[in-house]
Colleague: 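I have a structure I would like to understand better, so I am pasting it below and will then ask my questions one at a time.
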Amino acid sequence: MPELPDVECQRRYLAATSLHRTIERVRVFDDRVLEGETPATLGRKVHARRFESSRRHGKWLVAPLDRRGAVGFHFGMTGRLESHRAPAPPPAHGQVRFRFRDGGALDYVAPRKLGVVRTAESLVELVEEKSLGPDAWTVSYDEFRARIGPKRGTIKGALTDQSALAGLGNVYADEILFQAGIHPRAAASHLSSDRLRTLFSAMHDVLRTAVAARADPESMPDSYLLRRRSPGEPCPRCSGSVETYQVGGRRGCYCPRCQPR
DNA sequence: AGGACGCCCTGTTCGC
DNA sequence: TGCGAACAGGGCGTCC
């Protein structure tokens, strides 16, 4: 479930392992993860280039190249990066390998192939092309309120709408709503400004905590719903029963006692 | 315009 | 114990 915190970890990983190394060639093991590229065009665009930095917007990781252009990664629900300092066989389910001139490599690994590897002129261009809203990690309260407050439909639908706010998915939206004590099906436009404040604050706390925990649920506080997503599990706050529900084909999760309608 | 639904995928989990 | 069905879900397209 790579959502914002997971992608932020991938961003830091790329920054720590793969910057300023000259790319010798690209190997594509399954071109279904390429978007708007063929293995040949991707290879041509990155040949003899270097990742200069590592940026993120919502669930997209973008690594600008020296001179011009960038490579964008989306991790679907199972994607990750894997860096090698020295020659190594490609990992199982590796889709794309950037082999460096120093002999090492950066592998994009996506067992379910739901992710994307592509190029873009820049992060901004990709954000525009995908119509992404502001990043949930850096958005100001005023912008958050302007994006979420007026939306019709449920608050959970608003939080996970990438064009309204980029970065939250099913699991973290549930977590944020739980921490804020707001029912996932509450109407977004009916939330008072106090409730919106609480929600914004919960979003910040949850994202900061999740990134600090390296997006590993086991390292997150016991007070988090994240670790109690099965029906009937005890709510970490009131010990009541956690309820699950279907929304748009996704399994949602909340505590009916702590998140009344 | 929002939301339900199907599709893509395959490793894991569940049920008989 | 074994095997097939169901599940997981981000994003997109389609339909109402």
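The chains referred to below are lettered A, B, ... by the order of the sequence lines, with proteins before strands, and numbering in each begins at 1.
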Colleague: Can you sort out the partners of A/Ser140 under side-chain contact (heavy atoms from CB on, under 4.5 Å), two or more places apart, ordered by chain and number?
Modeller: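 With sequence neighbours excluded, A/Ser140 shows a side-chain contact (heavy atoms from CB on, under 4.5 Å) to A/Asp142, A/Glu143, given in chain and number order.
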Colleague: Base, sugar-phosphate, or nothing for A/Val116, non-hydrogen atoms under 4.0 angstrom?
Modeller: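 Nothing: the residue A/Val116, judged by heavy atoms under 4.0 Å, touches no strand.
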Colleague: Would you say A/Arg152 places a side-chain N or O within less than 4.0 Å of OP1 or OP2 belonging to B/dA1?
Modeller: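 The answer is no; no side-chain N or O of A/Arg152 sits under 4.0 Å from OP1 or OP2.
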Colleague: I need the CG-C1' distance between A/Asn170 and C/dA8, as an integer number of Å.
Modeller: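 A/Asn170 atom CG is separated from C/dA8 atom C1' by 10 Å.
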Colleague: Not counting sequence neighbours, which residues clear salt bridge (Lys or Arg N to Asp or Glu O under 4.0 Å) with A/Arg67? List them please.
Modeller: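 A/Arg67: no salt bridge (Lys or Arg N to Asp or Glu O under 4.0 Å) contacts found.
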Colleague: State which residues pass side-chain contact (heavy atoms from CB on, under 4.5 Å) with A/Glu24; sequence neighbours excluded, sorted by chain then number.
Modeller: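 Applying side-chain contact (heavy atoms from CB on, under 4.5 Å) to A/Glu24 gives A/Arg99, A/Arg101.
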Colleague: So which pairs with a foot in residues 126-171 of chain A pass ring pair (Phe, Tyr, Trp, His ring centres under 6.0 Å), sequence neighbours left out?
Modeller: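 Passing the test, one end in residues 126-171 of chain A: A/Tyr141-A/Phe200, A/Phe144-A/Phe200.
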Colleague: Measure from CG on A/Leu159 to P on B/dG3 and round the result to the nearest Å.
Modeller: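 It is 12 Å, rounded to the nearest whole Å.
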Colleague: Take atom CZ in A/Arg152; do more than 12 heavy atoms of anything else shown fall under 6.0 Å from it?
Modeller: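 No.
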Colleague: Could you tell me which residues satisfy ring-ring contact (aromatic ring centres under 6.0 Å, His included) with A/His57, sequence neighbours excluded, listed by chain and number?
Modeller: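 ring-ring contact (aromatic ring centres under 6.0 Å, His included) check on A/His57 returns nothing, list empty.
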Colleague: Please collect all ring pair (Phe, Tyr, Trp, His ring centres under 6.0 Å) contacts where either partner lies in residues 12-32 of chain A, sequence neighbours excluded, each pair once.
Modeller: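 Qualifying pairs: none.
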Colleague: Bend angle of the helix from B/dG2-C/dC16 to B/dC16-C/dG2 from five-pair axes at both ends, rounded to 10°?
Modeller: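 Between the first-five-pair axis and the last-five-pair axis there is 60°.
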Colleague: List the residues meeting salt bridge (Lys or Arg N to Asp or Glu O under 4.0 Å) with A/Arg25, not counting sequence neighbours, and say none if there are none.
Modeller: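 Salt bridge (Lys or Arg N to Asp or Glu O under 4.0 Å) list for A/Arg25, sorted by chain: empty.
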Colleague: With sequence neighbours excluded, give me every ring pair (Phe, Tyr, Trp, His ring centres under 6.0 Å) pair touching residues 220-256 of chain A.
Modeller: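 Ring pair (Phe, Tyr, Trp, His ring centres under 6.0 Å) check on residues 220-256 of chain A returns A/His183-A/Tyr254, A/Tyr245-A/Tyr254.
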Colleague: Go along nucleotides 8-14 of chain B 5' to 3' and tag each nucleotide: B for a protein heavy atom under 4.0 Å from its base, S when only backbone or sugar atoms are that close, - otherwise.
Modeller: BBBB---
Colleague: Set out, line by line, the N/O atom pairs under 3.5 Å between protein and nucleotides 11-15 of chain C.
Modeller:
unit_1: C/dG11; atom_1: OP1; unit_2: A/His74; atom_2: NE2; d: 2.6
unit_1: C/dG11; atom_1: OP2; unit_2: A/Lys59; atom_2: NZ; d: 3.0
unit_1: C/dG11; atom_1: N7; unit_2: A/Arg250; atom_2: NH2; d: 3.0
unit_1: C/dG11; atom_1: O6; unit_2: A/Arg250; atom_2: NH2; d: 2.9

Colleague: Residues two or more places apart in sequence or in another chain: which of them pass ring-ring contact (aromatic ring centres under 6.0 Å, His included) with A/Phe51?
Modeller: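 With sequence neighbours excluded, A/Phe51 shows a ring-ring contact (aromatic ring centres under 6.0 Å, His included) to A/Phe98, given in chain and number order.
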